[in-house]
Amino acid sequence: MTHPVRLDRHGSLGLIVINNPPVNALSAAVRQGIEARLQEVLGDDSLSAVLLVADGRTFPAGADITEFSKPPQAPLLPELCNMIEASPKPVVVALHGTVLGGGLELAMAAHYRVADENTLLGLPEVKLGILPGAGGTQRTPRLVGIKVALDMMLSGLPIKAADAERLGLIDEISPMTTLRGDAADLASEVGEVRRTRDARSQFLDGATCMADIAARRSVPDRPLASRKIIDCVEAALLVPFEVGVEMERDAFVECLASDASAGLRHAFFAERSAGKFPELLSAVPKQVDTVGVVGGGLMGSGIAIACLDAGFAVTVVEQGEDGVTGALNRIGALYEKGLAKGQMGEGALTDLNLTTEMEALGSADIIIECASEDEEIKQGIFAKLGQVAKPDAVLASNTSYLDLEPLTRASGRAADVVAMHFFAPAHRMALVEIGVPETANAQAMATTHALAKALGKTPVRSAAAPGLIGNQMLTAYRATADRLLLRGAQPAQVDAAMRSFGMPMGPYEAQDYSGLDIAWARRKAMKTPDLEALLLPDILCEAGQFGRKAGKGYYVYDSEGKRGAANPEMLTMLLGERRMRPMAKLALTPELIQDHLIAALINAGAGLLEAGTAARPSDIDVVMVHGFGFPRHKGGPMHQADMLSTFEVARRITEYAQTDPAHWRISPLLARLAAERMRFSQYQDAGMQK
Ligand code: CAA
């Protein structure tokens, strides 16, 4: 195997080249390689300067995150950075790609920095629940000042090369074609070393620096990593460099050991695994230029906007002139709003074609059906699509709950039909579930996956079971919350508990927000009604209390839709139902409510794995984080199961089942993992899922 770091000699210049695809992460082998090659240059009198560069798509995009859970290996990145900075021979770096985290820290330890104009530079560690741990908190403020350093580290967002040059983070910008040559010239010319650690000019106005720190510190409820970043940046101002680096190291170790960092790192890798569809191994996606959308309601409009903004031509089909006008108004309003907020590009609406003619979809490469959730209507649409769509077009349904089989049949071209389930608002939400009927061909899947990626979404694969992954999880979550209402909880109590867990809304606020009538219609259409289900939502709907849009639901709302107190009529209805269906009361606390609802999600997730609906535990986590706002720093319910231990979750469910056996049935998979004391991540790594 070739070593990931090599030394090339160009006259008196030692060119150290990193080559560790895909992103040149600073693994132990890379760190050892850089150290060894640097020592070689320093020991060679014929070499007077060093140029550090990387092959491939980027200069290192950071430390190797996969090593964070393993014992550390020398040299640690901060040690390597110190070695580079201490070099008596000038070290220049030539930067390109995404110079992130440890990659930027390495660059800041070098004496001079040249970057290609498209380079992005950033310190995204906070997104992983950690802080720059290789001197970044000490060197960044020395180069760009306290305020910009805090902006970069607390947001985790990268800056462009032009801004980096203006701010003093890099010395020169050079076109990619001449980057190495220009950086080599600089290395030959500079002669002297210039150590970032010695720079103090950014700290001359001490009062302003302290005010910038105080302003950041005054923001309440900052997570641990952000608080530590502020402390370490303050140390850069107040204490010698070595002491600041020591403080940074302690803080890094503490943050790395935190549950929040474990959750965020899990989410990072879960998102990347979710995108690996097996079909991508055998099929190449078809070229997509035009997307068809059937139905210009809220969902269809959001999907149209997402496609337009990604540069696709879009044809939306609506019923009648009123339907077309309504869709145009909706799309126009969403577009104006997005444009005003800087979330959308100019001019996208010129590629929109709104029509009543299904035949207009004949040129679309992929057609997404977003009609109302009615099987008969959708069957009619798929029958028509089967006739008008061009032979190789993908026919996707945005349905989640309906069985795809009748739609596949109606289309007469089963191999082209998939589910492509967006979450509302579709132009903003990152998740797209792709439901795969057994009949779908690999190219249709690959094309749907490619479209989701082109829209900037995170695709997750699901078997085409009604509800896919997300709505089956949601059903289990809501059913358990309803059970708690029967056992003495009030909706507001459940909502408050789940908000304090980190969900953006509790289950009842969320139902009021989206409208109780939607699930009501679905329940009424169900062939086998759930006899255990709470009747309260049906009773509310029968009274026209559909939630926010009706002014009443679980809560009352003012004329502007602002949520007020619990709806007193709802509380009376709930008391009536409790009298009808007496159950043992629970000693309710926020923790107990959270434990029940998280256990319900884990149990449902295990069921989905068993059924083969979800391919990996981590896919379920991605759906929960991106579709339902499960707190990212908690990783997702399946990650929570691993944090608690599958044994503990199984124990809790067994305990809950003692007082509510009709509701709690432990998933056999969860019971098995608990008996073997196995984590879901081990089950996933061992490839044991269906
Ligand atoms: N460590 C290990 N693997 C990494 C990695 C890292 N820092 N960054 C990316 N990868 C892996 C991904 O897991 C993925 O692997 P698979 O193909 O096996 O799934 C592969 O590299 C490609 O990554 P993406 O699919 O994300 O590619 P992209 O082109 O969409 O994005 C990127 C590239 C912008 C670099 C993105 O991967 C990214 O943001 N990476 C993380 C950057 C980061 O957080 N750096 C800081 C690390 S912490 C640190 O450096 C601490 C410190 O101070 C010492």
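Start at 1 and go down the list; that is how both ligands and their atoms are numbered. Note that the structure is a prediction, hence the values are computed from the model and not measured.
- Of the candidates Glu279, His449, Glu433, Arg461 forms a side-chain hydrogen bond (donor to acceptor under 3.5 Å, both in side chains) with just one, namely Glu279.
- Nearest protein neighbour of atom 8 (N) of ligand 1, counting heavy atoms only, is Val23 CG2, 3.5 Å.
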Residue pair Leu106, Leu80: steps toward the side chain to side chain contact (heavy atoms under 4.5 Å, CB included) verdict: CA-CA 8 Å; Leu106 197 70; Leu80 183 64; 4.0 Å; yes

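- Side-chain contact of Arg31 with Ser27: a donor-acceptor pair under 3.5 Å is absent, judged by distance alone.
- The residue among Gly136, Pro124, Pro78, Pro22 with a heavy atom at the shortest distance from atom 20 (C) of ligand 1 is Pro22.
- Ligand 1 lies nowhere less than 4.0 angstrom from a heavy atom belonging to Lys127.
- For atom 2 (C) of ligand 1, the closest non-hydrogen atom on the protein side is Asp64 OD1, 3.3 Å.
- Of all the atoms in ligand 1, the ones that sit under 4.0 Å from a non-hydrogen atom of Gly133 are 52 (C), 53 (O).
- Each of the following atoms of ligand 1 lies closer than 4.0 Å to a heavy atom of Glu105: 52 (C), 53 (O), 54 (C).
- Among all protein heavy atoms, the one lying closest to atom 1 (N) of ligand 1 is Ile65 N, 2.9 Å.
- Residue-to-ligand polar distances place Ala63 within reach of ligand 1: an N/O pair is separated by less than 3.5 Å.
- The nearest protein heavy atom to atom 30 (O) of ligand 1 is not closer than 4.0 Å.
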Side chain to side chain contact (heavy atoms under 4.5 Å, CB included) evaluation trace for Phe203 with Arg142: CA-CA 7 Å; Phe203 300 158; Arg142 282 172 163 81; 3.8 Å; yes

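- Protein heavy atom nearest atom 32 (C) of ligand 1, with residue, atom name and distance: Thr98 OG1, 4.4 Å.
- Here's the thing with Ala61: one of its N/O atoms is less than 3.5 angstrom from an N/O atom of ligand 1.
- Side-chain contact check for His111 and Glu85: no donor-acceptor pair (N or O, by modelled atom type) lies under 3.5 Å.
- Between the side chains of Gln640 and Asp642, not a single donor N or O lies within less than 3.5 Å of an accepting N or O.
- Per-residue contacts place Gly102 under 4.0 angstrom from the following atoms of ligand 1 (heavy atoms of the residue considered): 49 (C), 50 (O).
- Of the candidates Glu67, Arg57, Glu271, it is Arg57 that places a heavy atom closest to atom 27 (O) of ligand 1.
- At least one protein heavy atom sits closer than 4.0 Å to atom 53 (O) of ligand 1.
- Considering each of Arg265, Lys453, Lys276, the one bringing a non-hydrogen atom nearest atom 16 (P) of ligand 1 is Lys276.
- Listed by number with element, the atoms of ligand 1 under 4.0 Å from a non-hydrogen atom of Gly62 are 45 (N), 50 (O).
- For the side chain to side chain contact (heavy atoms under 4.5 Å, CB included) with Val460, the lone residue among Ile620, Leu468, Ile469 that qualifies is Ile469.
- Protein heavy atom in closest approach to atom 39 (O) of ligand 1: Leu100 CD1, 4.0 Å.
- With a 4.0 Å cut-off on non-hydrogen atoms, Leu128 touches ligand 1 through its side chain and not its backbone.
- Separation of atoms CG (Leu669) and CE (Met678) is listed at 10.0 Å; rounding is to 0.5 Å.
- Here is the list of ligand 1 atoms found below 4.0 Å of a heavy atom in Leu77: 54 (C).
- Heavy-atom proximity to Pro132, at under 4.0 Å, picks out these atoms of ligand 1: 53 (O).
- Between Phe423 and His421, the distance from one ring center to the other falls under 6.0 angstrom.
- The pair Arg6-Asp55 meets the salt-bridge criterion, since a charged nitrogen lies less than 4.0 angstrom from a carboxylate oxygen.
- Taking both residues in full, the closest heavy atoms of Gly135 and Glu248 are given as N-OE1, 2.6 Å, listed atom of the first, atom of the second, then distance.
- Closest to atom 38 (C) of ligand 1 among all protein heavy atoms lies Phe268 CE1, 4.0 Å.
- Between the side chains of Asp621 and His266, at least one donor N or O sits under 3.5 Å from an acceptor N or O.
- Interface of Gly101 with ligand 1, defined as ligand atoms under 4.0 Å from a residue heavy atom, comprises 46 (C), 50 (O).
- Residue-to-ligand polar distances place Arg272 within reach of ligand 1: an N/O pair is separated by less than 3.5 Å.
- Under the 3.5 Å distance criterion, the side-chain polar atoms of Arg113 are left unmatched by any main-chain donor or acceptor of Leu95.
- In this structure, the ring pair (Phe, Tyr, Trp, His ring centres under 6.0 Å) partners of Phe630, at least two apart in sequence or on a different chain, are Phe501.
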